[in-house]
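Below is one structure, written out as structure tokens, with a few remarks after it.
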Number of protein chains: 2
Amino acid sequence: MKKRAPDLSAQIASSIRDAIVDGRLIVDERLPSEAELSAEFEVSRSTVREALKRLGAQSLIRTERGATGGAFVNHLRYEDAYAQHVTTSTLLLSMNSVHFATAAEARFALEAACVPLSAARRTPDHLATMRAEIHRQSQPGLSDEGFCASDVAFHRALVDGAGNPVLSYQLAGAVEAMQPLMNMITFTARSRSEIVSLHSRIADALDARDASAADATLSELASYTVTLGQTMFAKARSG
Amino acid sequence: MKKRAPDLSAQIASSIRDAIVDGRLIVDERLPSEAELSAEFEVSRSTVREALKRLGAQSLIRTERGATGGAFVNHLRYEDAYAQHVTTSTLLLSMNSVHFATAAEARFALEAACVPLSAARRTPDHLATMRAEIHRQSQPGLSDEGFCASDVAFHRALVDGAGNPVLSYQLAGAVEAMQPLMNMITFTARSRSEIVSLHSRIADALDARDASAADATLSELASYTVTLGQTMFAKARSG
DNA sequence: AGACTTTTAAATGTCTGACAAATGAAAAAG
DNA sequence: CTTTTTCATTTGTCAGACATTTAAAAGTCT
């Protein structure tokens, strides 16, 4: 039950991380140089460097070389957080062998939360993106991976239509992390056209700012997706 | 516009990360030792170590010392991902100076997505947690921080009631990252009792498995929270 | 004086070699 | 066969050196 003391580099990373999280170090502020930090913490420069690499991996700091270089508190941007969130979510799903139904339920529940906002606020740009993806999805030559990627892009446009970046960020994990699971479903021509049709109806409803129609169609899409997943897994068991 | 080549340690980290993400390295598999990796990548051991620290910071690997030690592909657990997600979300909100209204909108929209599922699946345990937190929130001596922490615990129970771990994970960022913003609102005795009353009604509705009543009350709570926030910020501007 | 070039100092990035500490496995002792 | 000791392996830490990058300072020419 005893937790051994973590490595020095981990301790130092924690110490600096705390300073950043509760605001004692502010964005773009420069940390002391590696030499100064090693004196301050009374460790070697290598140990300090390992601590800084840890923080860099979490996008908490960035480093610049040269005379005026050093480690700076990083301004965490949506894109960085977004990418990390997707990677982590994807691994979480695959490593914990989450059932397809569970992941799909979460994804569609969260997406449904965006629909009323998106119906109210979507711009022509969002609608154009959705239409473009729908068009791509109906191309016969499209690979399965391409279809799934386009599916993700369609749903991201739906989510972004809500005009709330916090919502978009949180949804990223749910929607994008599903892609590998979705890829496992080999879409038939028939199921593709069904999905394209549902996508079109969702886009139409959002175009008309009809939140309840969009919500109802999204529910249809959710059930259909879960059904497809069940069929696929049943076939995998029997085959 | 030119992107300089990233550091060697970053390149090596990427290379190993890719191997983990697309499954060429599986959970609990042992990576080559630092000496072997340094030979393989033709860099020094320090460089390899910095790469490994980066991966460790993302919970992708863990390291063990000793004869049979080494770096192992880590089984990413919900708790690890959860903690990271909360830290990142919190920083994202503070560093991008997200408006209270935007964050609150995202939070309540996502929570609303859980309500129907939670009404259907919540266990007595979830209800007991909610009641306990409501009781704590009505104690007069409770600090503002304590009240907010209890608020988070209440809402987490609501989300967990949906019985979907993926949903709980995704919601963690939205709910917990709000806490520092919520802490900024100094609750009066009057607003606390209003919130406690709304929490009670939500718990009652979930107890009765009445999803629409729970949803309606959550909407009330959302409006009330946003109103409190607006009042607070108006006062901050004038004062 | 002003514009251009060179030098220099500071900082991170990388390498080498060494030793400490942890830990399981093999060898030795009983 | 069990216990103890030794040992080899591996990560953790340290010290010192050199390479590379960068901006500022110093120098040079017009």
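Convention: sequence-line order gives letters A, B, ...; per-chain numbering from 1.
- We find that CZ of B:R62 is positioned 14 Å from C1' of D:dT11, with the value rounded to whole Å.
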Using a 4.0 Å cut-off on protein heavy atoms (strictly under), produce a 5'-to-3' string for nucleotides 14-21 of chain C with B for base contact, S for backbone-only sugar-phosphate contact, and - for none.
BBB-B--B

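- For D:dT9, neither phosphate oxygen OP1 nor OP2 lies less than 4.0 angstrom from any side-chain nitrogen or oxygen of B:S33.
- For the pair B:T68 and D:dT10, the criterion of a side-chain N or O lying under 4.0 Å from OP1 or OP2 is not met.
- Spacing between atom CG of B:L52 and atom P of D:dT13 amounts to 14 Å, rounded to whole angstrom units.
- Following rounding to the nearest Å, A:L37 (CG) and C:dA11 (C1') show an atom-to-atom distance of 12 Å.
- Between A:V166 and B:L93, the closest side-chain pair of non-hydrogen atoms falls below 4.5 Å.
- With respect to A:R107 and A:D151, a salt bridge is recorded, a charged nitrogen being found less than 4.0 Å from a carboxylate O.
- Atom CD1 of B:I134 sits about 12.0 Å away from atom CD1 of B:I195, to the nearest 0.5 Å.
- Using a cut-off of 4.0 Å between Lys/Arg side-chain N and Asp/Glu carboxylate O, A:E34 and A:K53 are scored as not salt-bridged.
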Working for side chain to side chain donor-acceptor pair (under 3.5 Å), residues B:S168 and B:D160
CA-CA 6 Å; B:S168 294; B:D160 288 344; 2.8 Å; yes

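- In this structure, the CD atom of A:E34 is 14 Å from the C1' atom of D:dA19, given to the nearest Å.
- To the nearest 0.5 Å, atoms OH (B:Y169) and OH (B:Y82) are separated by 11.0 Å.
- What separates NZ of A:K53 from P of D:dT13 is a distance of 17 Å, to the nearest Å.
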